[in-house]
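We're numbering straight along the sequence, starting at 1.
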Amino acid sequence: MSPAVPDPDRPVDPADAAHPPPAGAAGSPAAAPPAGASGAAGADVPADPGGQHDPGGPDDPDVPADPDGPDGTGGQHGTGVAPDPDGTDGTPVRRVLTRTAGTIGLLTLLGVPLGLLWAALAPGTPVIKTSDGAVYAEAQPEQPIAADGWFSLLGLGFGVLVALGLWFLLRRHRGPLGLLAGVLGSLGAAVVAWQLGRRIGLEKFQRLLVEAPAGRHFDKPADLRAGGVDQLLGVLPVPHGNLLLPAFAVAVTYTLLAGWSRWPSLRPEPDQVSWVPAGTPAPAAAPEPPAPDAAEPPRG
């Protein structure tokens, strides 16, 4: 038995009791770690299966998170898809169709003021009541031609204004669907304007046809002779003539604006910014030319 290791069966010598072994010596109870110490220390530091700790990992509190995401797209982790700033993610088809249908409906309603304006500008045609009905008071009246002319001019102006409004007010939604909405909406507005304008004063005209005595002069409301709506196969209404002029004006104006656009996507895009690294030194300035009266440096 070594003197450094006390025998538990041997009686303790008074000299040894006065000088106990120092703490941490071999065989001392203080040298052994307390029970559970290794478990507590292991619970605070997780084990690294690779033997190394990644300082740039997502769980490291000392390294800030990358705002662009792990894939550099700024989207969600693992998807690789960046969020659309225009808000077309989710249900884009439903949103686009709703916006297009709303634009068509709004433009169609604009046919109401267009029809009122046409009825106010287009002159009525004077007629005479006879026993066989109403006949023109003149052999070749010019009022029907004027009514067609006013409708054509108003329709062309209406189409140009619609195209400009769609281009500048809906600049973030430019494209084929914007053109389609403008064409269909202006076509509907033309039909609404025609039907509304021709009905202003029509009831009074029909009443005079029945009640007015023969030989009385009155006016027939304005109507179109160079345009109207036909029935295709007896079911599908097809407009023709100067009813198509507003849609034609929209298509031409919108196409010209698209052709002159400086953006390939037709939508305003941010200007290209040239990024220069922070550590790149500024280019050295060119040396200034010597003054005219400066002495030449010595040669040789």
Side-chain angles (χ1 to χ4, degrees), residues 96-125 141-205 219-232 236-263 266-268:
V96 169
L97 291 179
T98 302
R99 182 173 58 247
T100 304
T103 304
I104 295 175
L106 179 61
L107 294 178
T108 302
L109 292 178
L110 291 179
V112 174
L114 180 63
L116 295 176
L117 182 61
W118 174 59
L121 295 176
T125 305
E142 299 178 354
Q143 287 79 7
I145 301 176
D148 285 334
W150 275 113
F151 191 90
S152 300
L153 293 177
L154 292 176
L156 289 174
F158 178 81
V160 172
L161 292 178
V162 166
L164 293 176
L166 292 177
W167 183 263
F168 290 106
L169 297 180
L170 301 180
R171 62 181 60 190
R172 295 184 60 189
H173 308 290
R174 295 171 181 171
L177 289 180
L179 175 60
L180 179 63
V183 169
L184 295 181
S186 59
L187 185 60
V191 175
V192 171
W194 169 50
Q195 290 296 323
L196 178 63
R198 67 185 293 268
R199 280 176 167 79
I200 296 178
L202 183 60
E203 183 179 357
K204 179 181 178 181
F205 172 74
D219 292 338
K220 179 183 178 181
D223 202 351
L224 293 181
R225 296 198 306 179
V229 177
D230 293 336
Q231 297 291 332
L232 181 61
L236 183 62
V238 179
H240 64 87
N242 48 9
L243 287 179
L244 302 177
L245 289 179
F248 175 76
V250 170
V252 172
T253 307
Y254 201 93
T255 304
L256 290 177
L257 291 173
W260 291 337
S261 176
R262 63 190 179 103
W263 294 293
L266 303 182
R267 305 172 183 179

Tell me which donor-acceptor pairs under 3.5 Å the side chains of residues 107-118 have, and how far apart each pair is, sequence neighbours excluded?
from	atom 1	to	atom 2	distance (Å)
T108	OG1	I104	O	2.8
W118	NE1	A147	O	3.0

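Atom CZ of F248 is surrounded by 12 or fewer heavy atoms from other residues, nucleotides or ligands within 6.0 Å. In the displayed structure, Q231 atom CD is contacted under 6.0 Å by more than 12 heavy atoms of other residues, nucleotides or ligands.
In this structure, CZ on R174 lies 8.0 Å from CG on L257, to the nearest 0.5 angstrom. One distance of note links CG of L236 with CG of D230; it measures 11.0 Å at 0.5 Å rounding.
Between P239 and L187 there is a side-chain heavy-atom pair separated by less than 4.5 Å.
For E142, there are no side-chain hydrogen bond (donor to acceptor under 3.5 Å, both in side chains) partners two or more places apart in sequence or in a different chain. With sequence neighbours excluded, the residues that form a ring-ring contact (aromatic ring centres under 6.0 Å, His included) with W167 are Y254. The side-chain hydrogen bond (donor to acceptor under 3.5 Å, both in side chains) test applied to R225 returns no partner, not counting sequence neighbours. In terms of the salt bridge (charged side-chain N to carboxylate O under 4.0 Å, His left out) criterion, residue partners of D223 (sequence neighbours excluded) are, by chain and number, R198.
Under a 3.5 Å cut-off, the side chain of S186 and the backbone N or O of V183 do form a donor-acceptor pair.
The salt bridge (Lys or Arg N to Asp or Glu O under 4.0 Å) analysis of residues 239-260, with sequence neighbours excluded, yields no pairs.
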What verdict does the side chain to side chain contact (heavy atoms under 4.5 Å, CB included) test give for L245 and L153, after you've listed the backbone C-alpha separation in whole Å, the side-chain angles of each residue and the deciding distance to 0.1 Å? CA-CA 9 Å; L245 289 179; L153 293 177; over 6 Å; no
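Here the shortest heavy-atom pairing between D219 and F205 reads O-CD1, 3.6 Å. When all heavy atoms are compared, the tightest approach of V250 to L179 is O-CD1, 4.2 Å. Pairing each heavy atom of P221 with each of I200, the nearest pair is CB-O, 3.7 Å.
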